[in-house]
Amino acid sequence: LRLQDQQYEMIWSFHHILMDGWCMSILIHELLAIYHSLLGKSRHSLPPVTPYRRYIQWLEEQNSQRALEYWDQYLEGFETATPLKKQGRQPGFLQQEEIVVLDKHLTDRLVQYTGKLGVTLNALIQTAWGVLLGRYNNTGDVVFGTIVSGRPPGIAGIETMIGLFINAIPVRVKFDSNDTFAAIAEQVHRDGVAGINYHFSQLADIQSLTPMGNQLIDHLLVFENYPIEEQIEGIVLQQQAADAHSFHVENINIYEHSNYDLSLVIVPGKALMFKFRYNSFAYPTPYIKKLAAHFTTILEQISHEPDVHAGQLEILTDKEKAELLQIGEGTRTMVPERTTFVTMFEGMAAKVPAQPAVRWDKGVLTYSELNEKANIAAHALQHKYGLKKGDLVALIIERSEWSVISILAILKAGGVYVPIDPAYPAQRIRDILAHTDVHLLITDSSGLFTVMEYYQRSLVAIDIELSEWEVRTDN
């Protein structure tokens, strides 16, 4: 596009099926070489081309089955995807970018930390992101995607070959709260090295090995060892230094459309830079800013406490902590000594029996109705299921009127409820049940058959059994 007599804007668009970003600097370099030869009316001399078919031949020689066996073992036991939950429901894609630049001192500390551990900066960043993703999903086993160059070093001339090589692969970060961050990072680094020979595997084939299928990953981490913009600017500056008549490039802006709603691009340098490229229809800007702040908080901690345990890492910023403490203060109310939640609730039921206590999309329970149903359930828990004071009761149930009735009934019966999210992975639910050794388990009819796979002892479907229990309103 001609803007002025001596000023043009060049728009270059291509599909990834033709080539990847690495190729741009190669083509720009050769374009400038041709331009200067034409300017000087001399013959240009470009290096010999290594045909893309060499890479295709190499691919055909690889053992795809062995590669899939590696990925199957790598992802073994991973049962539930760990996404960043979409915050918006509006369809469409509008890419925006949030840039975070770490200060030089923090960057230096992180680089020194990698040297001490003998891991790459990429592995360190992946580990920190994995811990953060684990906190967001309440798990110690997460998977996200990353982009690899896909250029096998064994092919001569691979560095200057034009074509599509990059590939998306999964990264798994598995840890326990007692594991040190250093130990987790070292394992991520070892896994990364072990998987290099299998970077050619297609993501669709890898995903097919898991129960999640194409839901295995929903965002990418991209580590730019050689940022494209900087490469091109460097080539242009070299040409300008060699020839005063060379044209000047004032601005280079690269836009890549991703199939993912979030990509975190890591740009190394004296000051480490993070580019959060996101679909603003899926993630509003405040959410991304908070996500970036939580990520930076983890990086700050590990830079100061190299031996910190995963369970000790905090994600909240100082501002968020202050806000939560302020909210937590609430309104103080004096209550009589020995008052419990149950006695306070029963006091409200006696004071305002007809007032709504629980509302949901299909109805309302008054304080009197809720108290009566909880009393019936509590009596059955004590006399039919032998619940005694201090016994643990697992509660695997979606938020509903039945969950409120169940909690109140357990407390009235003297028990202690152990809430378990029905969305938890099956193995995590089994582990919680095994470690707590609960006396019985309460669910509802919608989750009954699923829960029966985890628990073979006393089991209550509260919505089915409540109507059958004898009415008893005393405590």
Side-chain angles (χ1 to χ4, degrees), residues 74-75 77-78 80-84 100-146 169-196 217 219-225 262 264-269 271-274 276 290-321 425 427-428 431:
Y74 180 68
L75 296 169
F78 188 74
T80 304
T82 49
L84 283 170
V100 176
V101 180
L102 304 187
D103 65 63
K104 185 178 182 301
H105 296 296
L106 175 54
T107 301
D108 289 343
R109 289 198 300 271
L110 292 174
V111 171
Q112 290 170 6
Y113 190 21
T114 62
K116 177 183 176 182
L117 295 180
V119 304
T120 62
L121 184 59
N122 188 20
L124 187 81
I125 298 299
Q126 288 179 345
T127 305
W129 184 259
V131 172
L132 177 62
L133 192 60
R135 289 294 180 86
Y136 273 54
N137 284 274
N138 195 26
T139 182
D141 192 3
V142 304
V143 169
F144 52 88
T146 192
I169 59 170
V171 175
R172 186 178 188 180
V173 182
K174 191 175 182 180
F175 58 93
D176 186 83
S177 60
N178 292 322
D179 293 335
T180 64
F181 183 88
I184 304 167
E186 288 169 344
Q187 184 59 53
V188 171
H189 177 79
R190 286 193 294 269
D191 290 342
V193 173
I196 288 177
I217 60 177
H219 64 279
L220 298 173
L221 256 68
V222 184
F223 195 89
E224 286 195 350
N225 283 309
L262 174 65
L264 173 54
V265 181
I266 302 103
V267 184
L272 198 58
M273 179 189 296
F274 300 106
F276 291 81
K290 182 174 73 171
L291 178 68
H294 291 168
F295 187 43
T296 305
T297 300
I298 288 181
L299 294 176
E300 283 277 5
Q301 288 176 83
I302 63 173
S303 73
H304 288 292
E305 304 175 63
D307 298 322
V308 65
H309 291 256
Q312 297 172 320
L313 286 168
E314 298 180 353
I315 67 171
L316 297 181
T317 63
D318 291 339
K319 181 181 178 182
E320 287 175 314
K321 290 178 185 177
Q427 188 56 50
R428 196 185 321 166
D431 290 343

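For the atom pair D103 CG and E300 CD, the distance stands at 6.5 Å (nearest 0.5 Å). Taken from CG in L313 to CG in L299, the straight-line distance is 10.0 Å, to the nearest 0.5 Å. Y136 contributes atom OH, which lies 13.5 Å from atom OG1 of T82 (distance to the nearest 0.5 angstrom). Taken from CD1 in I184 to NE2 in H189, the straight-line distance is 15.5 Å, to the nearest 0.5 Å. Atom CG of L84 is separated from atom CG of L132 by 7.5 Å, given to the nearest 0.5 angstrom. One finds the CD atom of Q126 at 10.0 Å from the CG atom of L121 (value rounded to the nearest 0.5 Å).
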Notebook entry, point to check: Is there a side chain to side chain contact (heavy atoms under 4.5 Å, CB included) between I298 and I315 once you walk through the steps?
Noted result: CA-CA 6 Å; I298 288 181; I315 67 171; 3.8 Å; yes
Check: Do Q187 and D191 pass the side-chain hydrogen bond (donor to acceptor under 3.5 Å, both in side chains) test, and can you show the C-alpha distance, the side-chain angles, and the key distance before you say yes or no?
Finding: CA-CA 6 Å; Q187 184 59 53; D191 290 342; 2.9 Å; yes
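The backbone N or O of P83 sits less than 3.5 Å from a side-chain atom of N137, completing a donor-acceptor pair. The closest donor-acceptor contact from the side chain of T107 to the backbone of L272 lies under 3.5 Å.
Between E320 and K290 no salt bridge is recorded (no basic side-chain N to carboxylate O distance below 4.0 Å).
In terms of heavy atoms, P306 sits closest to Y113 at O-OH, 2.6 Å. The heavy-atom pair separating F144 from V173 by the smallest distance is CE2-CG2, 3.9 Å.
Side-chain contact between H294 and L316: present, with at least one pair of heavy atoms (C-beta onward) separated by less than 4.5 Å. Side-chain atoms of L262 and L291, non-hydrogen and from C-beta on, do get closer than 4.5 Å to each other.
Using the six-membered ring where Trp is involved, W129 and F276 have ring planes that are tilted, between 30° and 60° apart.
Just one of V265, L102, V267, L221 meets the side-chain contact (heavy atoms from CB on, under 4.5 Å) condition when paired with F274; it is L102.
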